[in-house]
S.K.: 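Take this structure first; my questions come after.
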Amino acid sequence: MKRAMLGMAMIVAGSIAASAAEIAPEKVEFKDGAVEVSLTGVAGDPAAGRKVIGTKKLGNCVACHQITEMSDVPFHGEIGPSLDGVGSRYSEAELRGIIVDAKHTFEDTIMPSFYKTGPYIRPGKAFTGKAPDGPLPPLLTAQQVEDVVAYLMTQK
Amino acid sequence: MKNRSLKGAFGLATVTVLAFGAVSAMAETPPKKAELVVNEDTKLVTETTPKEGISNLEKAYDGWRFRSSETQAVQADDFDNPGMIFVDQALDQWNAVDGTEGKSCASCHGTPEESMKGVRASYPKWDDSMGKVATIEMEINNCRTNRMGAEAWKYTGGKMTAMNALITLQSRGMPVDVAIDGKAKPTWEHGKEMYYTRTGQLELSCASCHEQHYGDRIRAEILSQGQINGFPAYRLKNGKLNSIHARFKGCVRDTRAETYKPGSDDFVALELYVASRGNGLSVTGPSVRN
């Protein structure tokens with residue numbers, strides 16, 4: 001539903017050139033791993049970001065990261081660092097950079113790049129194991145990235 | 001301590017976290033100490049020190065070591081191990097005539113106890129007649145099509161995997177000892193390269209999870225080293241025996257990658273390489289996993 005609405009919004013926005021505000025994955029500019037400019041120009045929604053973080057089919061950040069504030073969501077992983085207090089350790093721009101493509105901040109990290117379209121080695125069509133039909137969309141939309149950043153900034 | 005070089009991967013994150021007084025997320029949970037003794041008499045080696053130059057593991061651990069004590073107990077008794085039902089079915093198949101030549105497995109190979117001891121411990125292995133590294137599945141289908149005049153079985157199918165389990169059982173307790181030199185070497189090297197290549201939209205290699213993070217939780221699961229000495233594996237999750245290539249396929253799929261085909265040269269190479277990472281562990285199949 002949200003996705004569909006977002007898609008419609010993008011189409012509408014595209015026609016009135018307001019989409020110029022949304023930065024495409026390949027146009028994102030990094031500075032020491034950080035991304036200063038909002039990807040959408042629309043303030044992130046922490047509640048929506050919380051949902052992305054805890055939902056398997058969205059960000060599923062909890063698969064690898066523990067976060068105490070989200071203990072209502074079962075089974076947090078321990079692959080990456082805890083996200084408790086992450087909003088105090090990093091600036092908004094640093095967090096945005098890490099979510100867009102953490103490899104700019106931590107060179108060899110195994111953390112997936114959530115707002116990137118390639119190049120990939122043997123990319124597949126989601127979790128089907130099959131080759132993609134065309135260019136792959138990023139794992140999260142620009143606004144979902146902003147929402148996640150907004151939620152993480154509440155974790156002081 | 002795991003591979004030292006992987007420290008760099010999370011080094012910055014770890015330092016940052018420690019600076020704030022939190023516990024490092026790089027948990028290096030050693031698998032629980034436990035001894036795998038099957039039927040109270042067969043002691044299996046679930047931990048060994050790998051030879052240099054094969055992997056970055058300081059210790060190789062059987063996947064059994066990472067499972068819950070309930071799951072562990074099921075594997076420790078053949079009456080409880082559901083994988084053994086499939087072994088029984090395969091024994092019937094072993095003795096059944098199939099194909100145009102009027103032969104069964106037993107016609108040439110006698111009993112599995114006589115002829116198959118040690119086979120699983122050394123496979124995958126270079127096969128001169130095929131001119132390539134062969135898996136047990138490839139040898140089974142070679143027999144079926146070229147000697148029995150029977151239909152080839154599906155590579156990851158039920159009959160194939162059960163027959164593999166019957167053959168595997170004859171080597172239970174023997175150390176895995178696959179050859180990685182000689183004619184097998186280029187295949188092994190290809191498999192090694194695959195192991196460390198980050199594939200799919202999630203850009204994960206086998207090593208990302210199974211070398212750098214074994215023992216850590218990923219959501220509700222605990223990552224193992226991805227050792228294959230316990231295959232075929234009976235999974236409680238799907239209630240059947242699972243073959244190595246079927247499991248590889250699932251893992252590669254989960255990196256949001258285009259998978260390789262079971263039985264392909266690529267997966268054979270990966271199997272040889274992953275098997276070599278467990279050289280010295282006991283053959284433990286058919287194992288029980290969640």
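Convention: sequence-line order gives letters A, B, ...; per-chain numbering from 1.
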S.K.: So which heavy atom on K130(A) is nearest to which on E258(B), and how close?
M.R.: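 Taking K130(A) first and E258(B) second, the nearest heavy atoms are C-CG, 4.1 Å.
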S.K.: Report which part of T197(B) has an atom under 4.5 Å of a heavy atom belonging to chain A: side chain, backbone, both, or neither.
M.R.: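 For T197(B), the side chain is the part near chain A, not the backbone.
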S.K.: Pick from P74(A), P132(A), G124(A): which one has the most heavy-atom pairs with chain B under 4.5 Å?
M.R.: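 Among P74(A), P132(A), G124(A), the one with the most close pairs to chain B is G124(A).
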S.K.: Testing the 3.5 Å rule here: is there a donor-acceptor pair between the side chains of D84(A) and Q155(A)?
M.R.: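 No, because no side-chain N or O of D84(A) sits under 3.5 Å from a partner of the opposite role on Q155(A).
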S.K.: With the side chain counted from C-beta on, respond yes when E271(B) and V268(B) share a heavy-atom pair under 4.5 Å apart, and no when they do not.
M.R.: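 No; the side chains remain at least 4.5 Å from each other.
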S.K.: Does any backbone or side-chain atom of L204(B) lie under 4.5 Å from a heavy atom of chain A? Answer side chain, backbone, both or neither.
M.R.: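 Just its side chain gets close to chain A.
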S.K.: Against chain B, label T128(A) side chain, backbone, both or neither, depending on which of its atoms sit under 4.5 Å from a heavy atom there.
M.R.: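 The answer is the backbone of T128(A).
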S.K.: Under a 4.5 Å cutoff for heavy-atom pairs, which residue among G77(A), A63(A), C64(A) has the most contacts with chain B?
M.R.: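 Among the listed options, the one with the most contacts to chain B is A63(A).
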S.K.: Can N56(B) and Q212(B) be counted as having a side-chain donor-acceptor contact under 3.5 angstrom?
M.R.: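 Note: N56(B) and Q212(B) side chains miss the donor-acceptor criterion.
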S.K.: Are R256(B) and F127(A) in a cation-pi contact, defined as NZ or CZ under 6.0 Å from the six-membered ring centre and within 45° of the axis?
M.R.: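 Yes - R256(B) lies over the ring of F127(A), closer than 6.0 Å to its centre and within 45° of its axis.
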S.K.: Can you tell which part of K116(A) gets under 4.5 Å to a heavy atom of chain B, answering side chain, backbone, both or neither?
M.R.: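 Contact with chain B: backbone and side chain both.
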S.K.: So for P138(A), is it side chain, backbone, both, or neither that comes closer than 4.5 Å to the heavy atoms of chain B?
M.R.: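 Backbone only.
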S.K.: Does a donor on one side chain sit under 3.5 Å from an acceptor on the other, for N290(B) and R67(B)?
M.R.: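 Note: N290(B) and R67(B) side chains meet the donor-acceptor criterion.
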S.K.: Select one option (side chain, backbone, both, neither) describing which atoms of L223(B) are under 4.5 Å from chain A's heavy atoms.
M.R.: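 Only the side chain of L223(B) comes within 4.5 Å of chain A.
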